[in-house]
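Below is one structure, written out as structure tokens; comments come after it.
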Amino acid sequence: MFEKSTWIKLPRSVIVGHGTIDRVPEAVADLHLAGRPLVVTSPTPDDIAGDRLRDGLAGVGPAAETVVAKEARFETVERVIETARAEEAGYLVGLGGGKPIDIAKMAADELDVGFVSVPTTASHDGIVSGRGSVPEGDTRHSVAADPPLAVIADTELIANAPWRLTTAGCADIISNYTAVKDWQLANRLKNVEYSEYAGELSQLTAEMLVSRADSVKRELEESAWLVTKALVSSGVAMSIADSSRPASGAEHLISHQLDRLAPDAALHGHQVGVASIVTEYLHSGNDGEWTQVRDALASIDAPVTTDELDIDGETFIEAVTSAHEIRDRYTILGDGMSEGAAIEAATVTGVL
Ligand SMILES: NC(=O)C1=CN([C@@H]2O[C@H](COP(=O)(O)OP(=O)(O)OC[C@H]3O[C@@H](n4cnc5c(N)ncnc54)[C@H](OP(=O)(O)O)[C@@H]3O)[C@@H](O)[C@H]2O)C=CC1
Ligand SMILES: O=C(CO)COP(=O)(O)O
Ligand SMILES: [Zn+2]
């Protein structure tokens, strides 16, 4: 008897383009979101776009309250939940990079209210996905949460954000190549459920971005457009899989370890990019596709070495050799790499 079932949760509206922040009220009305909005943001996005967003929202409902969050921690999520309850917020709007968007996403999930994502950077696919990521103590929690009801990405704002944030978003997408390979490996070796649709979509997203890498250029709004659309597509792949597997394999495990060992040294996307050069080498060997991954990263100005990440080689090797411990997610790292093998892989690929 056939007993499978699936529930795919996706954003209902995705609005990407020039000046779209002014369409947030329209999207809110279209979704029938009602009551007082609570804007969750961080200092820079609040300065850049907070008033414009709040003024717009005041046209379709009560004046918005705001929480300015500096850190993505569980206690910040709690603070947002308390404020939302005290203000009887009807829905939450995350304005900014990954930090405020994750916080708003997790708080909205707990409160069971609607959540709208208004990214001001295209730094990774968490701006669209149904996952929140919070560092806590020695580990990082990747938490399932409902994806945003709407994603409204203003390419003008995103294009004016520091270029390195956009190259980090590109690198997060390029790392989909190795994430999918890890997922397929886990399927073959450990019978982990694999979705062909999600895997193909994730891979296709990376291929399309790489094939258009020539158009990814500093201060070109078209770059923000290309990268944001790729992040949306990657987020959809994760929603189809109901897992971050299509976009998060061993390269993400290594990056999560780097967050712990060298906090705030480099951006998430840049770390996963460099790590994916090494994990691609582990998958396909010396004559394999790791040079393509490296060249794709280099072509969009993303780091390809530990020096460019501003992380020392020893720390990187420690992250590679311990990454398998942090999560029950089978990858090419298996039950762990020896230090010698990790140094060899990082040296051959020029990462060290
Ligand atoms: N949910 C998921 O799947 C994932 C979540 N993450 C999480 O996302 C976070 C990292 O994402 P990231 O976007 O780098 O984090 P941030 O939200 O910290 O944004 C990065 C920096 O960019 C600044 N900024 C944001 N928008 C603009 C703009 N338009 N112009 C100028 N500066 C701007 C921020 O300012 P300010 O300092 O004022 O905030 C911050 O300094 C981490 O918390 C990580 O755990 C990472 C990967 C996946
Ligand atoms: O960053 C991600 C996908 O790009 C998701 O990371 P996690 O698997 O840690 O949630
Ligand atoms: Zn990522």
Side-chain angles (χ1 to χ4, degrees), residues 21 40-50 68-74 76-77 94-106 117-136 139-145 147-148 153-176 178-180 182-183 202 205-206 224 230-231 234-235 237-239 241 243-260 263-264 266-273 275-276 323 326-329 331:
I21 191 162
V40 180
T41 185
S42 64
T44 313
D46 193 34
D47 283 351
I48 292 170
V68 179
K70 291 196 177 125
E71 291 198 86
R73 306 214 158 272
F74 283 115
T76 326
V77 178
L95 171 73
K99 254 182 327 188
I101 286 177
D102 269 6
I103 295 166
K105 190 190 293 173
M106 287 187 274
S117 171
V118 185
T120 57
T121 68
S123 50
H124 57 72
D125 48 23
I127 59 175
V128 183
S129 72
R131 302 205 77 78
S133 181
V134 182
E136 191 86 343
T139 184
R140 171 171 289 273
H141 296 266
S142 174
V143 190
D154 187 328
T155 49
E156 187 183 15
L157 287 177
I158 293 171
N160 284 323
W163 174 238
R164 64 191 188 94
L165 294 171
T166 308
T167 66
C170 289
D172 201 24
I173 295 295
I174 291 170
S175 81
N176 287 8
T178 49
V180 172
D182 279 320
W183 193 15
S202 173
T205 305
L231 296 173
S234 194
M238 289 191 268
S239 287
S243 156
S244 61
R245 268 288 192 181
S248 171
E251 73 299 318
H252 273 68
L253 298 180
I254 295 168
S255 169
H256 294 343
Q257 277 299 65
L258 289 173
D259 286 342
R260 186 175 73 76
D264 300 323
L267 292 168
H268 167 83
H270 290 166
Q271 291 177 173
V272 299
S276 74
I326 62 169
R327 191 178 199 180
D328 182 20
R329 173 161 290 194
T331 70

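In listed order, ligands and their atoms are each counted from 1. Numbers for residues simply follow the sequence, beginning at 1. Quick note: numbers below take in every heavy atom, side chains included, and nothing from hydrogens, waters or symmetry partners.
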With the side chain counted from C-beta on, respond yes when Val68 and Pro43 share a heavy-atom pair under 4.5 Å apart, and no when they do not.
yes

Output, in order, the C-alpha distance, side-chain angles, deciding distance and verdict of side chain to side chain donor-acceptor pair (under 3.5 Å) for Thr205 and Asn176.
CA-CA 8 Å; Thr205 305; Asn176 287 8; 5.3 Å; no

Yes or no, since that's all I need: does a protein heavy atom fall within a distance strictly under 4.0 Å of atom 42 (C) of ligand 1?
no

Report the name of the N/O/S atom of His268 located nearest to the Zn ion (ligand 3).
NE2

For Gly97, counting its heavy atoms only, list the atoms of ligand 1 lying under 4.0 Å from any of them.
13 (O), 17 (O)

Do Ser129 and Lys105 have side chains that approach each other closer than 4.5 Å (heavy atoms only, starting at C-beta)?
yes

Please report which non-hydrogen protein atom sits nearest to atom 35 (O) of ligand 1, along with the residue it belongs to and the distance in Å to one decimal place.
Thr44 OG1, 3.2 Å

Non-hydrogen side-chain atoms of Val118 and Ile21 separated by less than 4.5 Å
yes

Which atom name does His252 have for its N/O/S atom nearest to the Zn ion (ligand 3)?
NE2

Distance dump, ligand 2 polar atoms to protein, N/O, under 3.5 Å:
from	atom 1	to	atom 2	distance (Å)
ligand 2	1 (O)	His252	NE2	3.0
ligand 2	1 (O)	His268	NE2	3.1
ligand 2	4 (O)	Asp125	OD1	2.7
ligand 2	4 (O)	Asp125	OD2	3.1
ligand 2	4 (O)	Asp172	OD1	3.2
ligand 2	4 (O)	Asp172	OD2	3.2
ligand 2	4 (O)	Ala247	O	3.4
ligand 2	4 (O)	His252	NE2	3.1
ligand 2	8 (O)	Ser244	OG	2.6
ligand 2	8 (O)	Ser248	OG	2.7
ligand 2	8 (O)	Arg327	NH1	2.8
ligand 2	8 (O)	Arg327	NH2	3.4
ligand 2	9 (O)	His256	NE2	2.6
ligand 2	9 (O)	Arg327	NH1	3.4
ligand 2	10 (O)	Ser142	OG	2.5

Say you draw a straight line from CG of Leu253 to CD1 of Ile326; how long is it, rounded to the nearest 0.5 Å?
5.0 Å

Report the atom name of the nearest N/O/S atom of Asp172 relative to the Zn ion (ligand 3).
OD1

Would you say Asp102's side chain and Ser133's backbone share a donor-acceptor pair under 3.5 angstrom?
yes

Does any part of the side chain of Glu251, heavy atoms only, come nearer than 4.5 Å to the side chain of Asp182, both counted from C-beta?
yes

Ignoring angles and geometry beyond distance, decide whether Ala72 reaches within less than 3.5 Å of ligand 1 through its nitrogen or oxygen atoms.
no

Just by distance, no angles: are the side chains of Ser142 and Arg329 close enough, under 3.5 Å, to form a donor-acceptor pair?
no

Give the residue and atom name of whichever protein heavy atom lies nearest to atom 15 (O) of ligand 1, and the separation in Å to one decimal.
Gly98 N, 3.6 Å

When rounded to the nearest 0.5 angstrom, what distance separates SG in Cys170 from NE2 in His270?
8.5 Å

Ignoring hydrogens and angles, tell me if any N or O in the side chain of Ser117 forms a donor-acceptor pair with the backbone of Ile127 under 3.5 Å.
yes

Contact atoms of ligand 1, heavy-atom distance to Pro43 under 4.0 Å
38 (O)

Side chain of Thr155, backbone of Ala224: donor and acceptor closer than 3.5 Å?
no

For atom 5 (C) of ligand 1, what is the closest protein heavy atom, and at what distance to 0.1 Å?
Asp102 OD2, 3.0 Å

One finds that the ligand 1 atoms under 4.0 Å from a non-hydrogen atom of Pro100 are 17 (O)

Mode of Ile48 contact toward ligand 1 - side chain, backbone, both, neither (heavy atoms, under 4.0 Å):
side chain

When you measure from atom 25 (C) of ligand 1 to every protein heavy atom, which one gives the shortest distance, and what is it?
Thr121 CG2, 3.3 Å

of all protein heavy atoms, closest to atom 22 (O) of ligand 1 is Leu165 CD1, 3.4 Å

Contact check: His268 vs ligand 1, nitrogen or oxygen atoms, below 3.5 angstrom
no

Could you identify the single nearest non-hydrogen protein atom to atom 39 (O) of ligand 1 and state the distance to 0.1 Å?
Ser42 OG, 2.6 Å

Name the closest protein heavy atom to atom 40 (C) of ligand 1, giving the residue it belongs to and the distance to 0.1 Å.
Lys99 NZ, 4.7 Å

Report yes if some heavy atom in the side chain of Arg164 is under 4.5 Å from a heavy atom in the side chain of Thr121; otherwise report no.
no

Among all the protein's non-hydrogen atoms, which is closest to atom 46 (C) of ligand 1, and how far away is it?
His124 NE2, 3.4 Å

Would you say that more than 12 heavy atoms from the other residues, nucleotides or ligands in this model lie under 6.0 Å from the CZ of Arg327, or not?
yes

Which atoms from ligand 1 have a heavy atom of Pro162 less than 4.0 Å away?
30 (N), 31 (C), 32 (N)

Backbone, side chain, both or neither: what part of Ser129 comes under 4.0 angstrom of ligand 1, heavy atoms only?
side chain

Quick check on contacts: which atoms of ligand 1 are under 4.0 angstrom from a heavy atom of Thr120?
25 (C), 26 (N), 27 (C), 28 (C), 29 (N)

Mind checking whether Gly96 has a heavy atom under 4.0 Å from ligand 1?
no

Between His252 and Asp172, is any side-chain donor less than 3.5 angstrom from a side-chain acceptor?
yes

Do any nitrogen or oxygen atoms of Ser123 lie less than 3.5 angstrom from nitrogen or oxygen atoms of ligand 1?
yes

Would you say the side chain of Ile254 lies within less than 4.5 Å of the side chain of Gln271, judging by non-hydrogen atoms?
no

For residues Ile101 and Pro119, determine if any side-chain heavy atom of one lies less than 4.5 Å from a side-chain heavy atom of the other.
yes

Side chain to side chain, Leu231 and Ile173, heavy atoms closer than 4.5 Å
yes

What atoms of ligand 1 come closer than 4.0 angstrom to any heavy atom of Gly126?
1 (N), 2 (C), 3 (O)

Check each of Leu165, Thr166, Thr167 against Ser123 using the side-chain contact (heavy atoms from CB on, under 4.5 Å) test, and report the only one that passes.
Leu165

Logged contact type for Val134 with ligand 1, heavy-atom cut-off 4.0 Å, is neither

